Every structure is written in structure tokens, then in C-alpha cells.
Amino acid sequence: MPELPEVEIVCRGLNDAFVGHRLTKVIRRFAQLRWPIPDDLEASILGVSAGAGPRNEGGSEAGSEAGGRADGRAGGEAGTEVRTEVHGEVRTEVRSDAGVLRSVQRRSKYLLLGFDTGTLLIHLGMSGTLRRLTAAEPTRAHDHVDFVFGEQVLRFNDPRRFGAILWYGDSEGPGGSHHLLRRLGVEPFSEAFSGRLLFDATRGRSASIKQVLLSGAVVVGVGNIYASESLFRAGIRPTSAAGRISKPRYERLAASIRQTLTDAIAAGGSTLRDFVASTGQSGYFQLQCFVYGRGGEPCRVCATPIRAIRQQQRATFFCPSCQKA
DNA sequence: ATTCTGACCTGATTGC
DNA sequence: TGCAATCAGGTCAGAA
């Protein structure tokens with residue numbers, strides 16, 4: 001599963017390949033992910049009310065060979081009927097650029113695809129991938145959804161179905177207020193993230209520091225691998241009570257988290273199982289881990305055998321010599 | 001309020 | 001070779 005660096009790589013890939021292009025169709029082959037994929041997703045994105053009539057359904061693909069260039073007058077293009085509700089007043093207008101993907105952003109491990117009508121939330125869960133393919137590419141097992149952008153397709157595949165595809169319409173407020181995003185901690189690369197924040201947020205907490213990092217309530221994007229790696233670089237035992245770690249050590253931890261994530265992004269995201277970039281390329285080399293997955297092997301710094309334990313049913317790795325309680 | 005457990009799923013790997 | 005048990009990068013909902 002993608003941790004933050006992988007999601008960041010996918011986010012950049014989506015920006016390069018799809019922003020400015022127009023979504024023409026959503027093909028939903030299997031709807032049951034962590035939550036059901038809305039059945040009116042295509043209509044929501046395109047701004048067409050769900051009951052707008054079956055005549056519109058099939059034949060509206062006429063202008064899709066234009067390859068994403070929208071400046072031409074598009075002679076025969078009828079445009080798409082868009083209905084917006086403003087203060088209870090329903091307006092109908094014809095918009096030829098309905099469905100154009102305006103932006104792709106990452107918040108924690110959520111991908112936020114911005115359309116004029118609202119925000120598409122995508123989470124890759126543990127095993128989700130997004131690939132960029134041509135529309136003719138045959139589907140494989142667990143290819144649940146296609147987002148068709150003319151000739152190219154963004155295809156969502158997720159064997160374990162822990163991922164999510166949700167819609168957050170503009171009428172529901174800005175996407176950032178979605179309940180899944182509202183309680184998230186700060187971004188690790190934001191100004192707000194610091195050793196002081198970690199220190200202040202953990203006073204009185206008896207939970208282990210690794211548990212606090214994984215919870216995402218203070219800082220987001222530190223998954224199971226990078227929690228172990230960051231704590232190693234900071235010289236802190238994963239089992240230490242978060243409330244008993246000093247401010248200087250938290251300063252070091254904040255820097256370690258940033259550095260670990262930066263290194264992983266630079267490496268193209270660590271490739272463990274089935275991560276594939278949105279371009280469909282795989283074969284990124286894996287970030288060289290100091291401790292993760294190296295139980296029993298010698299520490300790369302001091303040669304002491306790395307210890308493997310379990311915390312909250314998750315694998316944790318640390319060097320008993322380099323990392324102090 | 002904080003902390004912990006179970007649940008959601010399939011697939012790869014391990015051990016008998 | 002086959003089959004069962006175990007594990008996997010996330011995170012939500014609910015119980016203790």
C-alpha cells in the first residue's frame with residue numbers, strides 16, 4: 001500500500017497527465033470498496049442531474065477525439081447541460097468544459113481531484129493503484145473503475161478493496177470540510193509541523209510514540225514503514241511513551257520524518273508489493289530501509305541485530321542500541 | 001478522552 | 001504438490 005510518498009508520486013503523475021483534460025465517462029465495474037462508490041458519480045462530476053434522461057446517456061461521446069485541447073470552437077459540440085443550485089434557485093446553463101479536471105491535490109493519503117462541480121476523493125487503501133492507459137487496454141482482475149478522459153483512461157485497481165472513491169459536491173461545502181479530512185493532523189511538509197507541535201500535542205499521552213505517529217491525529221502521512229524508519233533516524237524507541245519524550249528529541253524526530261519522506265519521494269516511492277505509478281511504470285527502486293523488514297539483521301550503523309516486535313498488531317522494527325527509550 | 005480491538009478484503013508467502 | 005495458517009504498506013467504528 002502506498003504511504004505518503006507513493007501517494008505524492010501518484011498525485012504528481014495525475015497532475016502531469018490529466019489536469020486540463022475533460023472527463024467524459026465513468027465506468028464502474030464493481031462498486032463495493034471500503035464504502036460504496038456512488039452510483040451517480042459520473043452525473044455528479046459532469047453536473048448533470050441523475051434523472052436527466054436516458055437519451056443523453058450513450059451518444060454524447062462525439063467530440064472526444066479532440067485530445068484535450070479545448071480552445072477550438074468545437075463546431076458540432078453541443079456542450080453539457082449543467083445545473084447548479086444557488087440559494088435554492090436552480091440555474092441551468094450549457095457548459096462545454098464540464099468535466100474538465102482542474103486540479104489534483106494530496107491531503108494526507110487522500111487524492112483530491114477538483115472539478116467545477118466538486119471534489120473526487122480517492123484513497124488507495126492498502127493495495128490500490130491508479131494507472132494511465134489507453135481506453136482499449138483490456139481490464140484485469142480488480143479493475144473496479146475507469147475514469148475516461150477521451151482517449152486515455154485512469155484505471156483504479158484494488159484487490160483488497162480497502163480503498164475508497166467518494167464524491168464531495170460543491171453544494172456540501174469546500175472539500176476540506178469532508179468528515180474524512182476534517183480531523184486529520186498537519187501535513188509533514190507544512191510550516192505548522194515542528195518538534196514543538198509534536199511536544200505540545202503529546203503532553204500527558206501514555207500511548208507509544210509510534211502509535212501516535214500512525215494515528216495521524218498530530219501529523220499525517222507517516223505509515224507503518226516510515227514510522228519505524230523515522231524513529232530510527234531520530235534515535236527514539238518506538239515503544240517510548242509519547243508524553244515522556246523531550247522537546248529536543250521531538251525536534252530531531254520532526255526533522256527525521258521530513259527527511260525520511262523526502263528521501264522516499266526522491267526514490268520514486270518505495271516499491272514493496274504492487275505499487276504502480278499513475279503512468280503504469282513500476283520498477284522504482286526501494287528506499288533503502290535502515291530497520292523496516294530487517295529483523296535479526298545487523299544494524300547498518302552499529303551492527304547490533306535489529307529487533308522485530310508488534311505494536312497494536314503492526315510490525316515494528318528498531319535497533320536496541322541506536323534507539324533509546 | 002484515550003486506548004485498544006475487530007473489521008473490511010485478496011494474495012503472496014510460509015510451514016507442515 | 002497441496003492445503004492451511006499467517007502476514008501485508010490503512011483507517012474507521014465501536015468497545016473497554
Side-chain angles (χ1 to χ4, degrees), chain A residues 1-10 29-37 106-111 121-130 140-145 156-166 178-185 188 201-231 238-244 257 260-261 263-265 267-277 282 284-296 308-317:
Chain A
M1 154 334 310
E3 295 208 31
L4 181 139
E6 285 82 354
V7 180
E8 179 63 25
I9 299 292
V10 172
R29 301 188 186 80
F30 189 87
Q32 194 56 52
L33 302 180
R34 172 179 265 281
W35 298 284
I37 302 171
R106 179 190 59 72
R107 173 72 176 108
S108 185
K109 294 169 190 167
Y110 293 90
L111 291 162
L121 276 69
I122 300 180
H123 198 294
L124 299 176
M126 298 255 274
S127 57
T129 57
L130 286 167
R140 307 183 206 164
H142 312 299
D143 280 342
H144 302 316
V145 180
F156 178 86
N157 179 291
D158 185 9
R160 288 181 73 181
R161 301 187 209 153
F162 285 2
I165 295 178
L166 297 170
H178 191 280
H179 74 277
L180 289 172
L181 307 178
R182 205 176 310 155
R183 291 187 189 161
L184 293 174
T202 53
R203 292 311 86 194
R205 297 286 301 272
S206 63
S208 71
I209 180 58
K210 191 208 173 197
Q211 196 181 334
V212 169
L213 291 179
L214 278 183
S215 80
V218 183
V219 59
V220 298
V222 184
N224 202 41
I225 295 177
Y226 299 130
S228 281
E229 292 300 304
S230 300
L231 286 164
T239 49
S240 297
R244 305 192 56 173
I257 288 170
T260 301
L261 296 175
D263 289 353
I265 291 168
S270 64
T271 310
L272 284 177
R273 284 260 151 71
D274 46 11
F275 168 69
V276 180
S282 59
Y284 288 118
F285 67 90
Q286 182 184 335
L287 180 69
Q288 176 107 326
C289 288
F290 283 103
V291 291
Y292 188 86
R294 300 192 63 244
I309 62 172
R310 292 188 81 77
Q311 292 177 283
Q312 281 72 49
Q313 318 180 81
R314 309 296 303 277
T316 297
F317 301 86

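Protein chains get the first letters and strands the later ones, always in sequence-line order, with residue 1 at the start of each. Hydrogens, waters and symmetry mates play no part in the numbers below; they use all other heavy atoms, side chains included. Everything numeric here is computed off the predicted structure, so don't read it as measured data.
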Peer 1: Rounding to a whole Å, what distance do you find between A/Arg140:CZ and B/dT10:P?
Peer 2: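 About 19 Å, once rounded to whole Å.
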Peer 1: Using atom C1' in both nucleotides, what's the gap between B/dT10 and C/dA13 to the nearest angstrom?
Peer 2: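 The same atom, C1', in both gives a distance of 22 Å.
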Peer 1: Counting just side-chain N and O atoms, does A/His123 come under 4.0 Å of either OP1 or OP2 of C/dT11?
Peer 2: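 Yes, because at least one side-chain N or O of A/His123 sits under 4.0 Å from OP1 or OP2 of C/dT11.
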Peer 1: NA contact type, A/Tyr110, heavy-atom cut-off 4.0 Å: base, sugar-phosphate, or nothing?
Peer 2: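 The answer is sugar-phosphate, as A/Tyr110 gets under 4.0 Å only of primed atoms, P, OP1 or OP2.
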Peer 1: Could you give the CG-to-C1' distance, from A/Leu166 to C/dT11, as a whole number of Å?
Peer 2: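 To the nearest whole Å, that distance equals 13 Å.
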Peer 1: Can you check the A/Leu214 CG to C/dC12 P distance for me, whole Å?
Peer 2: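 Between P of C/dC12 and CG of A/Leu214: 13 Å.
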Peer 1: What's the OH-P distance between A/Tyr292 and C/dC7, to the nearest Å?
Peer 2: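 After rounding, the gap between these two atoms is 12 Å.
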Peer 1: What is the distance from CD of A/Gln311 to C1' of C/dG10, rounded to the nearest Å?
Peer 2: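 Atom CD in A/Gln311 sits about 17 Å away from atom C1' in C/dG10.
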Peer 1: Starting from P on C/dT11, measure out to CZ on A/Arg314 and report it in whole angstrom.
Peer 2: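 Whole-Å distance recorded here is 9 Å.
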Peer 1: For every nucleotide of nucleotides 3-9 of chain B, 5' to 3': is a protein heavy atom under 4.0 Å from its base (B), only from its sugar-phosphate (S), or from neither (-)?
Peer 2: SS-B-BB
Peer 1: Near DNA chain C, under 4.0 Å by heavy atom, which residues of residues 215-224 of chain A?
Peer 2: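 Within this stretch, A/Gly223, A/Asn224 sit under 4.0 Å of the strand.
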Peer 1: Using a 4.0 Å heavy-atom cut-off, does A/Arg183 contact any base of the nucleic acid, only the sugar-phosphate backbone, or nothing at all?
Peer 2: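 Nothing, no heavy atom under 4.0 Å.
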Peer 1: With sequence neighbours left out, what residues match A/Ser206 under side-chain contact (heavy atoms from CB on, under 4.5 Å)?
Peer 2: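 Partners of A/Ser206 under the side-chain contact (heavy atoms from CB on, under 4.5 Å) test: none.
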Peer 1: What base-paired stems does DNA chain B take part in, with at least 3 consecutive Watson-Crick or G-U wobble pairs and both distances under 3.5 Å?
Peer 2: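 Stems (3+ consecutive pairs) listed as B:2-8 with C:10-16, B:10-16 with C:2-8.
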Peer 1: State, with a plain yes or no, whether a side-chain heavy atom of A/Phe30 is found less than 4.5 Å away from one of A/Ile37.
Peer 2: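 With C-beta onward as the side chain, the pair stays apart.
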Peer 1: Any side-chain N or O of A/Tyr226 under 4.0 Å from OP1/OP2 of C/dG10?
Peer 2: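 Checking A/Tyr226 against C/dG10: no side-chain N or O falls below 4.0 Å of OP1 or OP2.
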Peer 1: Give the rounded distance in Å between these two atoms: CH2 of A/Trp35 and P of C/dG10.
Peer 2: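 The distance from CH2 of A/Trp35 to P of C/dG10 comes to 15 Å, rounded to the nearest Å.
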Peer 1: Give A/Ala315 one of three labels, base, sugar-phosphate or nothing, depending on what nucleic acid heavy atoms sit under 4.0 Å from its own.
Peer 2: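 Touches sugar-phosphate only.
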Peer 1: For the residue pair A/Tyr110 and A/His123, what are the closest heavy atoms and their distance?
Peer 2: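 Here A/Tyr110 and A/His123 meet closest at CE2-CD2, 3.5 Å.
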Peer 1: Rounded to whole angstrom units, what separation is found between the CD atom of A/Glu3 and the P atom of C/dT11?
Peer 2: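 So the two atoms are 9 Å apart, to the nearest Å.
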Peer 1: I need the minimum non-hydrogen distance between A/Lys210 and A/Ala227, along with the two atoms involved.
Peer 2: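 Nearest heavy atoms, A/Lys210 then A/Ala227: CG-CB, 4.0 Å.
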Peer 1: For A/Gly243, does its backbone N or O pair with a side-chain atom of A/Arg203 as donor and acceptor, under 3.5 Å?
Peer 2: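 Between the backbone of A/Gly243 and the side chain of A/Arg203 there is a qualifying donor-acceptor contact (under 3.5 Å).
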Peer 1: What I'd like to find out is whether the side chain of A/Tyr226 reaches to under 4.5 Å of the side chain of A/Leu4, using heavy atoms alone.
Peer 2: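 A/Tyr226 vs A/Leu4: side chains apart.
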Peer 1: Using salt bridge (Lys or Arg N to Asp or Glu O under 4.0 Å) as the criterion, list what pairs up with A/Arg29, not counting sequence neighbours.
Peer 2: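 Applying salt bridge (Lys or Arg N to Asp or Glu O under 4.0 Å) to A/Arg29 gives A/Asp146.
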Peer 1: Distances under 3.5 Å only, N/O to N/O: pair up the protein atoms with those of nucleotides 3-6 of chain C.
Peer 2:
none

